[in-house]
Every structure is written in structure tokens, then in C-alpha cells.
Amino acid sequence: MSTALSEQELLRRESLNQLRELGINPYPADEYKVTAFAQDIADNFGRFPDNYKKVTLAGRIMIRRIMGNASFAELQDSSGRIQIYLKRDDICPGEDKTLYNTVFKKLMDIGDYIGVKGFVFLTQTGEISVHVQELVLLSKALKPLPIVRRDEEGNIHDAFTDPEMRYRQRYVDLTVNPEFKQIFVNRSKVISSMRDYFNKQGWFEVETPILQPVHGGAAARPFVTHHNTLDMPLYLRIANELYLKRLIVAGFDGVYEFGKMFRNEGMDRTHNPEFSAMEIYIAYKDYIWMMAMVEQCLEIVARAVHGIPVVQVGANEINFAGPYEKLSMYDSIQKYTGVDVSTMDEAALRRTCSELGIEVDDTMGKGKLIDEIFSAKVEANLIQPTYITDYPIEMTPLAKKHRTKDGLVERFELFINGKEIANAYSELNDPIDQRERLEEQLVLAGRGDHEAMAMDEDFLRALEYGMPPTSGLGIGIDRLVMLMTNQVTIQEVLFFPQMRPEKKAKVGTADDFINIGVPAEWVPVLNKMGFNSVEELKSANPNKVFNDLGGMRKKLKLDLVMPVKEIVMAWFE
RNA sequence: GAUUCCGUAGCUCAGCUGGUAGAGCAUAACACUUUUAAUGUUGGGGUCCUGGGUUCGAAUCCCAGCGGGAUCACCA
């Protein structure tokens, strides 16, 4: 798909042609050996000026200030920006001043990648700058970047903030708003510090199927696809829990996986259809042990990102150092509503919900009703890390029955800043109990709960061979990253959040025009004249098009060979 | 899915009770050898999201659609 080109895009394409005519390859293949970075120079030039007498940098031109035979520009590399100083007679020591007068001043643009060699110095106004002695073009940019300007006080003018454009064109966002890169650097630290911690404990990183014949391990609607060779439906995983447990059956003591999960549900600022989760299963442990492990792990993560365990999230200071508060689900409901739901049956729970003003429907079982009360009345109050423990058995088909409390399971969820971050069980390893619990899910599914779990016979078979007592944990990585980077929306912590497809511009491709005989270099001109598809062109008057082509050539000062009339007429046949 | 706000130049945005579209930056030309939101002078650049309707006349009012934001609902 191509779109009609703007004036600036046409000019940049014309500059591209002129560069080639000057014998300059706008997209050279050679390695460019970089020896210095903007941030390092800014940090260390003052102390070690001798180290910067010969530097090579590469990056994009972001600002130009041309003053006759000398110019300043700002070069942006992966680490930051640095000012460069170009003097005509320094980069063009001989008679030929083309490199400065034409290439730099006329044919290069904001956004182009260049390489510079030179020495670092201090300008009269005291700005650390690179005095350029050699300048090369590394890659020509054909689309103009949005211009974001910063003044002396650091105020940002003309900020590029439209969320739609930032998410759809993340490459533009991170180029002109490089401060957002830090979120993704911190995201990487969250994941790598967790992985380091697990590996140090001797746990084993694994990969399990994303395409699953049965979608198990969680309650959610899946994406369905189809495998042609097997001629069967496959589901994108909503969880990997049942596969990781199979690996515990197989004899690994500790297995973990970072991976994408896919849920065909709503999208909002905390939900993306694909999201990242970490699940870990450790043999011979229980959920009490797991709480201590999570405390240790999250403190390490917070320190990896911030250096300290205390993280500012919105108006709250969250302390990730353990131990965290522990509250049973029933106690938490009692604490925040004053109602004791521990002995209620389904009918009593329904009455309680209506008294509390909570909407329910007929498909909801006892477990779901309790969860509704919890979600509505308790969750938002849990700011500091808090373990909610001992859930009703009905809402947790994969957790072991509580060792002492009837009707409950050994489960905790970790809430931080009012959001669920982690979920853990003493895993159910009694195959007969597991079968009954999954059968109860089928009953719920029959009542219309489309999130009830499916039966997985192979998983049950694995349990029948024997799974050691095991504790398992899942952590929502995106939400953890949101906490660690103080972001309110999941889109800000995903490079490429899901968006509706862009509206298709109703224009033909350049190839469509070329196929009817239009020279490639004239296609943008036709677009400029308003012909965005071959059909539009063919419905025009051929003689007028021929005349207008000449007019456009003159108007845009295009250095193109005018096609002869017969060729233009042939476009209309 | 509901409610609500928004969609104008490459970018950020003005545009009143309807009268043929404006600014800053970017861009083009000229000047300028230490500037830094560089500066000065002069230009060019628009499917006012799309499609209907009302009207002598619509960027503006009405309807529908598309896209996005926010809030709510859904979502362990």
C-alpha cells in the first residue's frame, strides 16, 4: 500500500536521486565503526578530555542550525544527543565544497543517519560538541519526523503525544521521545533479574506449546486457529500451567517459563489480547514457602530497577521488601464490608451481593459470587503488597484442598496497588480429586459460564502417574512492569500494543502505475496531481494529464526527463 | 458493549452566531564562520477523517460510518 506523498516526501526523494547522481550511496552496506557515544562524552569529557581527541559517532540528525559556512547540528544516537559543529573548510579541505554546500546543507534532512569523525571540544557558550572532520551519510530518511523541541529550561514544545500515533508508530515515538525507552529498559531489567534469581536457585527455564489442542490452566476465552495438515482446531494458550506440571511429573524439581498468553477478551488500559506471564513450579514446596520466595524475588526486582525496594507508584510508595501482609479471603471481605461470608450458601451470597449493590447473574456459582464481592469491595484497598489466602474451592479447580480448613484451597493472590500481580497454589496432585474438580467446571460450563475450564485427559493421565507435592506461581509481567515503571496503561509497557487496523487509504500502489507503463519516478508526481489510483488516472483527459505533467515538473522543479506524448497516451489504453 | 470527547498542513494547534482555511515549528530560496527553541527576509504546502442531509453557501449545524482518547461494563 502506498499513499500520496506530501511535498516534503517528494523533496526528500528528489534529494535521494541527487545524492546518487553525486556518486553517494544513500544506503551504504559497509560497517561503520563507532568509537564513542553521546552520553559517555557528556558524562566524561570534562574529566578526561584527552580520551576524546579522536571520536567516531553515528546517529540521526535531529536539529540543524545552519549559519553560512559553519553549522551546528544535534546528533542523536542510542545513548542520547550531542551537538556537532561542521565547518565548511574542515569537512571540505580542498577546492570542492560540494560535501558541505550541497550534501550537508541541501540534501541531508532531519532524521537522516550520518556518521561523523572528529574531536570533542567546548564551544564558546560552553557546550560539549564534536568538531566534525569527516561526514558520511549512513541512511537517508524519506519521511519527515515530527519535530519536538526543548528549550533551555527543558520545556517541551510541540510534544508528540497522540497515543494513536505513538502506539502505531512506536519507532517514531521512541525516536522523538527517547525518554520512553527507559520504560522498556526497565521492563528488560524486571525480566532479567527474575530469570537470574531463578537460575541461581537451580531452576530450569523451559518452553511449552503455545498452540494447544485443549486450552487449559485458566478461565478465559481462547483464540482459535486451525491446523491444515492435522485438520483440527488449535487454541492459542490462555495459560501454560498444565504443561509445566507435566514437566514436574517428568522429574524436574523446578521449571519456569516466561511467555506470551492469549485471551480473547476485552481490551483496556490493563488488558491486551496477548500479554506476558511468568509461571514457575517447584517440587516439594507449598504455598507458604512460595510466599517467602515471592517476597525475596520482588525485592530483587525492585532493587534491580530502582536500587532500593521502595517504588513510587502514582501517589503511593510501595515497599517491595517482605514480609507482606497476609489476609484470608473471608477475613478480607469481613474487614472491608463487615460481612462474614464464610458460612453462607449460594442463596445467602446472592442476597449479600444485592445488599452490597453488586450485580450478579444466574451463571455464577458460589465461588464466583464471593469473587465478585471481593473484586468490588476489597481489591482497591490493597495498596501495599498483600497476600490474600485460602480461596473457596469452587473458584480454584487446580489448587489443593486446604490442609485444615474445609471448603477452601491452598491458594494466595498477591495484590499491589489495588491490582492482582501474582497467583499461587499448593498444586493439586490428587488425580481423582482433580478429575472431579474439572467435572464440576464442566457443569458450570453447562450453565453458560464460557470461562469454565475444559477437561484435559492427558493432564489427568500425567497426574495418575504421580506428581510430587508442588507449589506453583504465576506473575503477570506486564502489570509488574507497570508497577515498577509507574505506568497506568499496559500500552505504555508494550512496544506494540494491539490496535485496530489502520483505515486503508484508497490509493493504488506504485506498482499499479508502473504496470501500465508509468515510469517509477513519475508516480509520486501523478499522486501529487490527485491521481491516487490507476482508475482515477484513466478517467482523466489524456491531453490534460500530459500538459499538467509538464506543469508539475516545472512547479516542483523536478529534474526528470519528460515522457514523450506517445508514452503518456499509452497509459490510457 | 455503553456514555462522552476528539479527528484541520509533515508535527503541535487556532478557526466565534455558517460566508472560499490560519499560526508556530518543519520545508524551499537568499544571507550569516561558536549557534543552541539560532536569527533575518521571501515563498510553497490542505480530500478541514469518510459518506449523506439542511442551506444560496458547511471545517463549522444534523444523521450515519471509520479511527482514537477518557469513564463505565466485561475480564480471577
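Note that this is a predicted model, so its numbers are computed, not measured. Labels below follow one simple rule: chain letters A, B, ... track the order of the sequence lines, proteins then strands, and each chain is numbered from 1.
Shown here is A/K105, whose NZ atom has more than 12 heavy atoms of other residues, nucleotides or ligands within 6.0 Å.
Aromatic ring centres of A/F374 and A/F415 lie closer together than 6.0 Å. Annotation: A/Y287 is not in aromatic contact with A/Y425 [ring centroid separation under 6.0 Å not met].
Atom name C1', nucleotides B/rG67 and B/rG51: the rounded distance is 15 Å, in whole Å. To the nearest whole angstrom, the two P atoms, one in B/rC48 and one in B/rU8, are 11 Å apart. As rounded to the nearest Å, B/rA21 and B/rA64 have P atoms that lie 29 Å from one another. With C1' as the reference atom, B/rA70 and B/rA76 are 25 Å apart, rounded to whole Å. Taking atom C1' in both B/rC72 and B/rG18, the straight-line distance is 36 Å, to the nearest Å. For the P atoms, the distance linking B/rA2 with B/rU54 amounts to 28 Å, nearest Å. Separating the P atom of B/rU35 from that of B/rA9 is a span of 36 Å, rounded to the nearest Å. Between B/rU39 and B/rC49, the distance separating the two C1' atoms is 38 Å to the nearest Å.
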What nitrogen or oxygen pairs link the protein and nucleotides 8-13 of chain B at under 3.5 Å?
| unit_1 | atom_1 | unit_2 | atom_2 | d |
| --- | --- | --- | --- | --- |
| B/rG10 | N9 | A/Q8 | NE2 | 3.4 |

Verdict with reasoning, A/F275 to A/R263, per side-chain contact (heavy atoms from CB on, under 4.5 Å): CA-CA 8 Å; A/F275 64 99; A/R263 296 189 182 176; 3.6 Å; yes
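Checked against B/rA76, B/rU33, B/rG69, the side chain of A/E413 finds its nearest nucleotide in B/rA76. Listed nucleotides B/rG68, B/rU35, B/rA26 differ in distance to A/Q124; the shortest reach to its side chain belongs to B/rU35. Side-chain atoms of A/D109 lie closest to B/rA28 of the nucleotides B/rG69, B/rA28, B/rU34. Checked against B/rA37, B/rU35, B/rU71, the side chain of A/R269 finds its nearest nucleotide in B/rU71. Closest approach to the A/Y85 side chain among B/rG24, B/rU27, B/rU34 is made by B/rU34 (side chain taken as heavy atoms from C-beta onward).
Contact annotation: side chain of A/R65 to base of B/rA38, donor-acceptor pair absent below 3.5 Å. A donor-acceptor contact under 3.5 angstrom links the side-chain atoms of A/Q83 to the base of B/rU35.
The 5' end of RNA chain B is approached more closely, in terms of each residue's nearest nucleotide, by A/R64 than by the other of A/R64 and A/E379.
The pair A/E372-A/K377 fails the salt-bridge criterion, with no side-chain N (NZ, NE, NH1 or NH2) lying under 4.0 Å from an Asp/Glu carboxylate O. Ion pairing of A/K401 with A/E410 is absent here, as no side-chain N (NZ or NE/NH1/NH2) approaches a carboxylate O to less than 4.0 Å. For the pair A/K143 and A/E9, the salt-bridge criterion is met [side-chain N within less than 4.0 Å of a carboxylate O].
Under the Watson-Crick or G-U wobble criterion, with both distances below 3.5 Å, B/rC56 is paired with B/rG19. Both distances falling under 3.5 Å, in either a Watson-Crick or a G-U wobble arrangement, place B/rG51 opposite B/rC63. Base-pair partner of B/rA73: not found among the strands shown (Watson-Crick or G-U wobble, both distances under 3.5 Å).
Contacts of A/F275 with the nucleic acid, taken as non-hydrogen atoms under 4.0 Å apart, are absent. No engagement by A/R12 is indicated, since no non-hydrogen atom pair under 4.0 Å with the nucleic acid exists.
A straight line from CG of A/D151 to P of B/rU35 spans 18 Å, rounded to a whole angstrom. Put simply, CG on A/L122 is 13 Å from P on B/rU35, counting in whole angstrom units. A straight line from CG of A/D112 to P of B/rU27 spans 11 Å, rounded to a whole angstrom. At whole-Å resolution of the value, CD1 in A/I333 and P in B/rA76 are 16 Å apart. Across the protein-nucleic acid pair, A/I63 atom CD1 and B/rA26 atom C1' stand 11 Å apart, rounded to whole Å. Taking atom CE of A/M67 as the reference point, atom C1' of B/rU33 lies 6 Å away to the nearest angstrom. Going from atom CD of A/Q169 over to atom C1' of B/rG67 covers 14 Å, rounded to whole Å. In this structure, A/L11 places its CG atom 6 Å from P of B/rA28, rounding to the nearest Å.
Contacts between residues 87-106 of chain A and RNA chain B, defined by a heavy-atom separation under 4.0 Å, are made by A/K87, A/D89, A/K106.
Between A/A38 and A/D77, the shortest heavy-atom distance links the atoms N-OD2, 2.9 Å.
Judged as a ring-ring contact (aromatic ring centres under 6.0 Å, His included), and not counting sequence neighbours, the contacts of A/F104 are A/Y100. Evaluation of the ring-ring contact (aromatic ring centres under 6.0 Å, His included) rule for A/F180 yields no partner, not counting sequence neighbours. Looking at residues two or more places apart in sequence or on another chain, you find a ring-ring contact (aromatic ring centres under 6.0 Å, His included) between A/Y235 and A/H215.
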For residues 492-499 of chain A, dump all side-chain donor-acceptor pairs below 3.5 Å to protein atoms at least two apart in sequence or in another chain.
| unit_1 | atom_1 | unit_2 | atom_2 | d |
| --- | --- | --- | --- | --- |
| A/E492 | OE1 | A/R166 | NH2 | 2.9 |
| A/E492 | OE2 | A/R166 | NH1 | 2.9 |
| A/E492 | OE2 | A/Y167 | OH | 3.2 |

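In this model, the phosphate group of B/rG68 is approached by a side-chain N or O of A/R168 to a distance below 4.0 Å at OP1 or OP2.
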